[in-house]
**Q** 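For reference, the structure I am asking about is given below.
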2 protein chains.
Amino acid sequence: MTPDVFTTWQAYQRMRVLLNSQINRELGRSTGLSEADYDILFFLEQSAETSVRSVALRCGLAWEKSRLSHQLRRMEQRGLIEKAPGAVIHLTDRGREQIAAARDCHEAAVRRYFGDVLSAEQLAALATISDQVVARLSEDLPHHVH
Amino acid sequence: MTPDVFTTWQAYQRMRVLLNSQINRELGRSTGLSEADYDILFFLEQSAETSVRSVALRCGLAWEKSRLSHQLRRMEQRGLIEKAPGAVIHLTDRGREQIAAARDCHEAAVRRYFGDVLSAEQLAALATISDQVVARLSEDLPHHVH
DNA sequence: AGCCATGGGTTGATGTGTCAACTCGTTGAT
DNA sequence: ATCAACGAGTTGACACATCAACCCATGGCT
């Protein structure tokens, strides 16, 4: 492994671990939602239609099917979502409240630790880097993507 | 949240999730080690001294203490490490074999999906970005760092 | 028609991460 | 010398992720 690849990988790993644990800790402390909860609720809220099929969640979030199934079961038990026949999921009023409250907290944390720290050029560079890596991964996994 | 921050955050999240799940899947399939196992073993092997204190692992990996405790217990049960009195940890022969075998697999995956995809400039830019974000996080957590 | 191959969804077992509460030894102040 | 405070480490409970094994409907194929 080339030394600069190794160095960058180490730095990236450190950012990845610390950044996400910090954001998730803040989110959990102030709203009681996990990252998984947030991702689901955010996706449901963004897709304006009242009915979202399970499979749309799976593709949109790139989750394993069993992970989604377990997560949706837990979230239904907590009253955040409802499952309708036909593998259709929708937000409950309670879920809508929670995601609205959580978004402020989440976006503030993303801005504080991420957006405010990087220049416009750095943001653009990181977006390109991410897209390239994701494209490379998609080559090897033609079945998960479409 | 500024649109470009949001866009970059989304792209970064996608890379983070897909890249690490892919590397961990390959690592687990071909060696039976998890990412956590690998991080511990790698750290132990790199620090040439035969005796590594628990707290060095915690600082080096930026892990929570309970996480480390659980992980070390599980790894001791599998014969990968040994705990000596005084919170001292060392590799077993078995652990040394496993990390040697795993490193090839892990580094190949990092090169394939990460190092080979990015230019030298991109690698340098990502290292800088990571360091800046980590520095920002460290400001808010003066107690975890030294 | 009958068949089976595929993919969506569920479940249970197991491994992993987090939090809170606890023990224990050290340190520092009174 | 006593006591309180702190940090290292452990533990138990719980949430979360992954894997393998299922069920079931759909869509070809013969």
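To find a chain, count down the sequence lines: A is the first, B the second, and so on, and within it residues start at 1.
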**Q** Under a 3.5 Å threshold, yes or no: a donor from one side chain and an acceptor from the other, between Arg74(A) and Gln77(A)?
**A**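 No - no donor-acceptor pair under 3.5 Å links their side chains.
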
**Q** For His106(B) and Arg103(B), does a side-chain donor sit closer than 3.5 Å to a side-chain acceptor?
**A**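 Checked: His106(B)/Arg103(B) side chains show no N/O donor-acceptor pair below 3.5 Å.
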
**Q** Nearest heavy atom decides the nucleotide; on that basis, is Glu35(A) or Arg29(B) closer to the 5' end of DNA chain D?
**A** Glu35(A)

**Q** Any donor-acceptor pair under 3.5 Å linking the side-chain atoms of Asp4(A) with those of Thr7(A)?
**A**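 There is no such pair between these side chains.
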
**Q** Nearest to the Gln71(B) side chain among dA8(D), dG17(C), dT10(D), which nucleotide is it?
**A** dG17(C)

**Q** In whole angstrom, give the distance that lies between atom CE of Met75(A) and atom C1' of dA15(D).
**A**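 Going from CE in Met75(A) over to C1' in dA15(D) covers 13 Å.
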
**Q** Would you mind telling me which residue lines up with the more 5' stretch of DNA chain C, Ser54(A) or Leu33(B), judged by nearest nucleotide?
**A**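 It is Ser54(A) whose nearest nucleotide is closer to the 5' end.
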
**Q** Measure the distance from CZ on Arg58(B) to P on dG9(D) and round it to the nearest whole Å.
**A** 6 Å

**Q** Can you tell me which nucleotide in dT10(D), dC16(D), dT11(C) comes closest to the side chain of Asp37(A)?
**A**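 Nearest to the side chain of Asp37(A) among the choices is dC16(D).
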
**Q** For Arg73(A) and dG9(C), give me the distance from atom CZ to atom C1', rounded to whole Å.
**A** 13 Å

**Q** How many Å lie between CD on Gln22(A) and P on dC19(C), as a whole number?
**A**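 My rounded result for the distance is 11 Å.
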
**Q** Which listed nucleotide (dA13(C), dT11(D), dG8(C)) is nearest to the side chain of His70(A)?
**A** dA13(C)

**Q** Between dC16(D) and Ser34(A), is there an OP1 or OP2 to side-chain N/O distance shorter than 4.0 Å?
**A** yes

**Q** Which nucleotide wins on minimum distance to the side chain of Val55(A), given the candidates dG8(C), dG17(C), dA13(C)?
**A**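 Within the option list, the nearest is dG8(C).
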
**Q** Start at the 5' end of DNA chain C and walk down; is the nucleotide closest to Ser21(A) or to Lys65(B) reached first?
**A** Ser21(A)

**Q** Starting at CG of Leu57(B) and ending at C1' of dG9(D), how long is that distance when rounded to a whole Å?
**A** 13 Å

**Q** Can you identify which nucleotide, out of dG9(C), dG17(C), dC19(D), has its nearest atom closest to the Glu64(A) side chain?
**A**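 Of the options given, the side chain of Glu64(A) lies nearest dC19(D).
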
**Q** Kindly list each side-chain donor-acceptor pair under 3.5 angstrom involving residues 57-66 of chain A, sequence neighbours excluded, with atom names and distances?
**A**
none

**Q** Compare the minimum distances between each of dT11(D), dC19(D), dC16(D) and the side chain of Arg25(B), then state the nucleotide with the smallest one.
**A**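 For Arg25(B), the side-chain atoms sit closest to dC19(D).
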
**Q** What nucleotide, of dT16(C), dT10(C), dG17(C), holds the atom closest to the side chain of Ser69(A)?
**A** dT10(C)

**Q** For the pair Glu26(A) and Arg29(A), find out whether any cationic side-chain nitrogen is under 4.0 Å from an anionic carboxylate oxygen.
**A**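 Looking at Arg29(A) together with Glu26(A), the answer is no, because their closest N to O distance does not fall below 4.0 Å.
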
**Q** Can you check the Leu61(A) CG to dT18(D) C1' distance for me, whole Å?
**A** 17 Å

**Q** Between atom CD1 in Ile40(B) and atom P in dT16(C), what is the gap in whole Å?
**A**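 Going from CD1 in Ile40(B) over to P in dT16(C) covers 11 Å.
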
**Q** If you check the Ala36(A) side chain, which of dA8(D), dT16(C), dA17(D) turns out closest?
**A**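 Looking only at side-chain atoms, Ala36(A) lies closest to dA17(D).
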
**Q** Mind checking whether Trp9(A) and Phe6(A) have ring centres under 6.0 Å apart?
**A** no

**Q** What nucleotide, of dT18(C), dT16(C), dG9(D), holds the atom closest to the side chain of Arg74(B)?
**A**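 Selected nucleotide (nearest to the side chain): dT16(C).
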
**Q** Tell me: CG of Leu68(A) to P of dT10(C), nearest whole Å?
**A** 8 Å

